[in-house]
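To start, the structure itself, in structure tokens.
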2 protein chains.
Amino acid sequence: MAEKDMRERIKEVAVEHFNSNGYHGTTIRNIAKDVNCSLPMIYYYYNNKKELFDEIIKKEYFDLLKGQAALLRTNNIIDFYTKFVYDLNSLSNYDKKVYRLGIKVYLSFDGDEELMEIMDEWEKTILPRHYQILKPYLENADNDIAIVRTLVHLLETLIVSIVVKNRFLPEEEIREEISIVLRGCE
Amino acid sequence: MAEKDMRERIKEVAVEHFNSNGYHGTTIRNIAKDVNCSLPMIYYYYNNKKELFDEIIKKEYFDLLKGQAALLRTNNIIDFYTKFVYDLNSLSNYDKKVYRLGIKVYLSFDGDEELMEIMDEWEKTILPRHYQILKPYLENADNDIAIVRTLVHLLETLIVSIVVKNRFLPEEEIREEISIVLRGCE
DNA sequence: ATACAATTCTAACGAACGTTAGGTAGGGGG
DNA sequence: CCCCCTACCTAACGTTCGTTAGAATTGTAT
């Protein structure tokens, strides 16, 4: 009967519900209804509601982030960052929802203290990572750290636009904005 | 017995709860407990939970936004935007929470369709407004619209940092980032 | 065929939810 | 003194929640 692995189907539907209604707004009953299984089925695969939510953030979301962070870069830094953002447009619906849910927790709009701490740890790695990427292109800038910070801030909004607000951002607009911040670097 | 107007006290506590636990995570009982009043007291002043939430967004949040939008500007555009962001640091705790809650609805992490539509209407006014402010300083730029868009995007992240993540942003950092985007304008 | 484990179910538990019915307390005007 | 309105209460309604007990079903190895 199962078209896919039941455990996976539950997680997919859960992502949808947590995304639309938040942790507290999501009910196990509604998940079960959409999965087309009985209610205790959920408890067969996940010990409780929180464990289901945690697995989505800890596994799915961070897998996504780490995949992104490991992208190889071209030799043109503006191309690289443009592609980095633009490719978010074509993320699968599932990945987009996972991403959105992660950002929700990152902004402490959902989830709990424990997940927030994991987010904080990750956040600390962001600036240094981009500084490493950009360093070669910023050698003749006196405000290199500020430029990296500004770029990361801009990226954050662009990511939110695509993933959270579910807008499509044209490549040209992304390139324009990144170019404005990285003006003078090449 | 009432130190303040009861209706106002309920709203203040409600802001706190909606902020920490979201709409679905907030219970009328817990609000009543923190207000130190009985449960039906809430229903004496507000018809139901949703009306309480809606009043916070529709009145408190948009009052805040409109107050911000009406700020007078100095003759130095970088000073103006730096002050615009920096002043968010010293928002009252209540206002900060209202702001945070508004952004949560804006990102459709909470609230309902109806509130989202109000947010969309507001959002449409943002770019034109800043374009009007910046136009005089951008006359010799060919990508003026892109610069305005980039600045608004940067502002969004800075606002989120202060209001949502509850960080303090030093004036100098704000000024640096805004200057990078507005490089060449004065 | 039979035994056993993995998978899925029906039914129900207690607790907490939003909301309401119907009361009490107190003060100001007649 | 009594009436009535405002402000507040206790108690309960019906519903839905997360979770579990325990049985039915299915698949698989012998």
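The chains referred to below are lettered A, B, ... by the order of the sequence lines, with proteins before strands, and numbering in each begins at 1. Because the structure is predicted, anything quoted here is derived from the model rather than measured.
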Check: Do B/E177 and B/Y81 have side-chain atoms, one donor and one acceptor, less than 3.5 Å apart?
Finding: no
Would you tabulate the nitrogen or oxygen pairs shorter than 3.5 Å linking the protein to nucleotides 4-7 of chain C?
{"from": "C/dT7", "atom 1": "OP2", "to": "A/Y44", "atom 2": "OH", "distance (Å)": "3.0"}

Notebook entry, point to check: Same cluster for B/L88 and B/Y94 if Ile/Leu/Val/Met/Phe/Trp/Tyr side chains link at under 4.5 Å?
Noted result: yes
Checklist line | SB check B/R175 B/E171 (cutoff 4.0 Å) | finding: yes
Checklist line | Interatomic distance, A/F53 CZ vs D/dG18 C1' [rounded to whole Å] | finding: 16 Å
Margin query: Just the rounded figure in Å: distance from P of D/dT20 to CD1 of A/I42.
Written below: 14 Å
Notebook entry, point to check: Which heavy atom of B/A32 sits nearest a heavy atom of B/S38, and at what distance?
Noted result: CB-O, 3.7 Å
Short N/O separations, protein against nucleotides 16-21 of chain C, under 3.5 angstrom:
{"from": "C/dG18", "atom 1": "OP1", "to": "B/T26", "atom 2": "O", "distance (Å)": "3.1"}
{"from": "C/dG18", "atom 1": "OP1", "to": "B/K49", "atom 2": "NZ", "distance (Å)": "2.9"}
{"from": "C/dG18", "atom 1": "OP2", "to": "B/I28", "atom 2": "N", "distance (Å)": "3.1"}
{"from": "C/dG18", "atom 1": "N7", "to": "B/R29", "atom 2": "NH1", "distance (Å)": "2.7"}
{"from": "C/dG18", "atom 1": "O6", "to": "B/R29", "atom 2": "NH2", "distance (Å)": "2.9"}
{"from": "C/dT19", "atom 1": "OP2", "to": "B/Y43", "atom 2": "OH", "distance (Å)": "2.8"}
{"from": "C/dT19", "atom 1": "OP2", "to": "B/K49", "atom 2": "N", "distance (Å)": "3.0"}
{"from": "C/dT19", "atom 1": "O5'", "to": "B/Y43", "atom 2": "OH", "distance (Å)": "3.4"}

Margin query: Hydrogens and angles aside, do A/Y99 and A/Q68 bring a side-chain donor and acceptor to less than 3.5 Å of each other?
Written below: yes
Margin query: Salt bridge or not between B/R167 and A/E123? Use side-chain N to carboxylate O under 4.0 Å.
Written below: yes
Margin query: Measuring centre to centre across the rings, with the benzene-like ring taken for any Trp, is A/H17 within less than 6.0 Å of A/F53?
Written below: no
Item checked: Whole angstrom value for the distance that separates C1' of D/dT16 from NZ of A/K33 -> 11 Å
Next item on the list: Provide, to the nearest angstrom, the distance between the OH atom belonging to A/Y46 and the P atom belonging to D/dG18.
Entry: 16 Å
Checklist line | Intermediate values then yes/no, side-chain contact (heavy atoms from CB on, under 4.5 Å), A/K104 and A/Y23 | finding: CA-CA 11 Å; A/K104 192 169 178 179; A/Y23 181 82; over 6 Å; no
